[in-house]
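So that the names make sense, note that chain A is the first sequence line, chain B the second, and so on, each numbered from 1.
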Number of protein chains: 2
Amino acid sequence: MGKAASSRPIESQAPTMADVALRAGVSAMTVSRALKEGSRVSKATREKIMAAVNELGYVLDQSAGSLSSRKTGFVAAIVPSINNSNFADTARGITDELESTGLQLLLGYTDYTVEKEEKLIEAMLRRRPEGIILTGGAHTERARKLLKSAGIPVVETWELPSKPIDQVVGFSNEEAMGLLVKTLARKGYRKFGYIGGTTSRDTRGSQRREGFVRAIEELGLPTGRLVSFGVPPISIEQGGQAIVSMLERWPDTEAVLCVSDLSAFGALMECKRRGMKVPQDIAIAGFGDYEVAAFCHPGITTVNVDCYGIGRQAARRLIQVIRGAEKKQGQEIVLTGYRVVEREST
Amino acid sequence: MGKAASSRPIESQAPTMADVALRAGVSAMTVSRALKEGSRVSKATREKIMAAVNELGYVLDQSAGSLSSRKTGFVAAIVPSINNSNFADTARGITDELESTGLQLLLGYTDYTVEKEEKLIEAMLRRRPEGIILTGGAHTERARKLLKSAGIPVVETWELPSKPIDQVVGFSNEEAMGLLVKTLARKGYRKFGYIGGTTSRDTRGSQRREGFVRAIEELGLPTGRLVSFGVPPISIEQGGQAIVSMLERWPDTEAVLCVSDLSAFGALMECKRRGMKVPQDIAIAGFGDYEVAAFCHPGITTVNVDCYGIGRQAARRLIQVIRGAEKKQGQEIVLTGYRVVEREST
DNA sequence: GTTCCTCATGATATCGATAACATATACCCG
DNA sequence: CGGGTATATGTTATCGATATCATGAGGAAC
């Protein structure tokens with residue numbers, strides 16, 4: 001910069017593409033092309049334009065661009081909670097997958113209610129996302145209608161909905177919990193208890209519970225040891241309270257399965273606080289393979305779910321439809337893996 | 001619905017405001033008014049319009065609206081990680097505070113690098129947010145320039161930057177860690193160790209470490225017991241590995257302070273795994289008051305930070321500038337509280 | 001040298017809503 | 001009943017970019 005320092009005009013207005021064009025001595029259209037990857041602009045012109053861009057501190061206005069190009073570059077994703085590290089991982093997977101494509105994530109959370117989900121869906125659709133990722137298959141009728149008339153690809157995740165809207169990336173929570181029961185039954189446990197939330201708001205939680213009940217029945221084991229405690233998402237603290245209730249009602253329970261690792265961890269800590277030995281006095285298992293389950297002592301047996309992969313795959317499927325062939329290839333269902341991780345708590 | 005089922009026209013195009021207007025027999029402008037809170041439209045007209053809206057499944061297009069109104073309704077927030085429950089809480093606080101105002105959050109995460117922050121800031125500014133919330137005070141020069149020329153209110157959080165851009169909602173990590181040291185010194189501990197990450201990427205971590213060193217020096221206690229382990233954010237697992245290293249080099253350490261509760265939890269579990277008694281053999285403290293610290297056994301002494309409140313207050317300050325008086329009231333700094341929470345681990 | 005093609009660039013219309021102004025109708029009051 | 005005011009609605013221009021078509025310059029081939 002051998003030239004005199006360029007005086008910065010004190011304009012409160014942010015510079016526009018026309019300002020850049022004027023300064024670079026080209027048309028606005030050429031500026032638009034120069035700022036877009038893969039369009040042909042001569043090297044000299046591009047340099048002039050970039051110089052003007054830097055001098056003015058210009059940043060492209062995508063809200064204007066998306067109006068004329070009819071592509072907003074948004075993808076919406078709705079999860080039950082961003083405080084839950086499983087869903088945070090999914091959100092991270094989505095973001096990471098979107099990053100290379102220049103798509104921007106609009107993230108919302110429902111607090112596990114379909115009513116808030118409906119509101120969120122509507123709010124997001126106002127931004128005209130090019131695709132939308134939902135958690136689970138439970139939605140209000142109005143939400144379904146809104147999604148249908150929006151005409152954008154939808155991916156439901158984390159479950160296998162009985163009535164899929166469009167695409168699905170998920171797994172059967174019922175089967176996964178069933179597998180956990182069977183794995184532990186093979187180790188000799190017979191009196192199983194289950195800890196979960198009180199309502200059906202958390203559909204994945206309900207499915208896991210059903211999977212538990214079904215597996216117990218199939219194996220011909222003692223049934224009925226179900227404790228419901230707290231509104232989903234059931235916290236660490238509530239897991240601790242729930243196991244107290246479990247031990248009071250069914251003191252001879254041999255193994256307790258929890259709807260998530262957080263409640264399992266709470267249960268585990270409560271047991272230790274009471275001087276019980278895990279797994280000798282009682283075995284505890286969770287679901288989700290949270291970091292805390294791997295590194296607490298004893299480590300908690302759990303079901304590992306590919307949370308991050310769910311996010312990446314969901315985003316990838318959207319991208320394929322958005323950027324790829326116009327034609328939707330029908331309701332594809334992607335099954336994501338899960339596996340039982342046995343640790344010291346069982 | 002006593003009427004015959006309305007046949008759904010197979011139009012791939014999403015309906016526009018003009019379609020609604022046509023159907024309701026009014027002008028587009030009236031539709032726009034009817035869909036906006038607080039504008040005067042007669043009851044009969046509004047009902048006609050709402051009927052048309054529902055029949056067509058119309059959803060307002062805000063990207064178009066924000067172009068003419070010159071208000072996008074976006075607020076950007078950039079945090080180091082969304083997998084960290086402290087920052088997830090802050091994001092939740094922001095979202096909750098924005099909800100009533102109709103503003104939509106654009107959330108991004110930097111993985112603790114200023115380079116990715118710069119990229120994110122630029123990407124977000126392309127969406128023309130009306131305000132932006134950042135974590136910490138470390139930014140690239142270019143990021144600062146971009147923010148300045150964007151001319152929107154900026155709130156830096158979670159720290160007290162030495163060179164604030166605009167507004168600040170945070171606390172002194174240095175002082176907070178110093179308070180923790182002093183609190184434990186009062187209980188009689190003298191040989192303090194510190195566990196943190198290896199680089200200065202995590203500026204809050206660095207500040208906590210400085211606060212630790214300074215407090216130790218001021219109290220005239222033995223210095224130098226610092227273990228750096230792993231790239232921030234330091235995980236539970238790395239906390240466990242770090243305390244092994246600490247015990248090898250300084251076996252007589254009485255109390256170990258960790259950059260966060262996650263590493264403290266890892267350290268705690270590793271000690272238990274080795275059969276050490278906490279706090280009798282060694283005391284352990286963390287930072288951040290994560291849920292796990294409260295409910296693990298023994299509970300971990302830590303510094304509680306109002307993560308959620310930081311988010312709410314940061315958002316509130318933005319809203320005041322955005323929706324309120326045009327005039328910025330200068331660089332206001334809001335101090336958020338913190339407090340030492342003593343538990344069984346010390 | 002003429003024709004044809006490629007590549008760089010410009011001109012204009014347009015995306016879908018809203019701001020700002022214009023107009024029409026109803027209502028109020030002395 | 002006339003003038004003024006409030007309320008409801010319509011008309012037009014506009015936000016800032018991009019799609020599309022048009023144009024011009026340069027080069028290759030014969």
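One can place CE of B/Met17 at 13 Å from P of D/dG10, the figure rounded to the nearest angstrom. B/Arg128 places its CZ atom 9 Å from the P atom of D/dG16, with the value rounded to the nearest Å. Counting to the nearest Å, the P atom of C/dG16 and the CG atom of B/Leu22 are 15 Å from each other. If you take CE of B/Met29 and P of D/dT11, they are 12 Å apart, rounded to a whole angstrom. Separating the CD atom of B/Gln62 from the C1' atom of C/dC15 is a distance of 17 Å, rounded to the nearest angstrom. Nucleotide D/dT9 holds its C1' atom 13 Å from the CZ atom of B/Arg46, rounded to whole Å. B/Arg127 places its CZ atom 13 Å from the C1' atom of D/dA17, with the value rounded to the nearest Å. Straight-line distance from the NZ atom of A/Lys43 to the C1' atom of C/dC7: 17 Å, rounded to whole Å.
For A/Arg126 (side chain) and B/Leu60 (main-chain N/O), no donor-acceptor pair under 3.5 Å exists by modelled atom type. The backbone N or O of B/Gly57 sits nowhere less than 3.5 Å from a side-chain atom of A/Lys148 that would complete a donor-acceptor pair. In terms of modelled atom types and a separation under 3.5 Å, the side chain of A/Arg70 and the main chain of A/Leu67 share no donor-acceptor contact.
For A/Thr16, the listed nucleotide lying nearest its side chain is D/dA17; candidates were D/dA17, D/dT9, C/dA8.
Nearest-nucleotide positions on DNA chain C place A/Ser68 closer to the 5' end than the other of B/Arg33 and A/Ser68.
Taking CD1 of B/Ile78 as the reference point, atom CG of B/Leu120 lies at 5.0 Å (rounded to 0.5 Å).
For the pair A/Tyr58 and D/dG16, the criterion of a side-chain N or O lying under 4.0 Å from OP1 or OP2 is not met. The shortest distance between the side-chain N/O atoms of A/Arg40 and the OP1/OP2 oxygens of C/dA8 is below 4.0 Å.
Contact annotation for B/Thr45: backbone-only contact, meaning every heavy-atom pair under 4.0 Å involves sugar-phosphate atoms and none involves a base.
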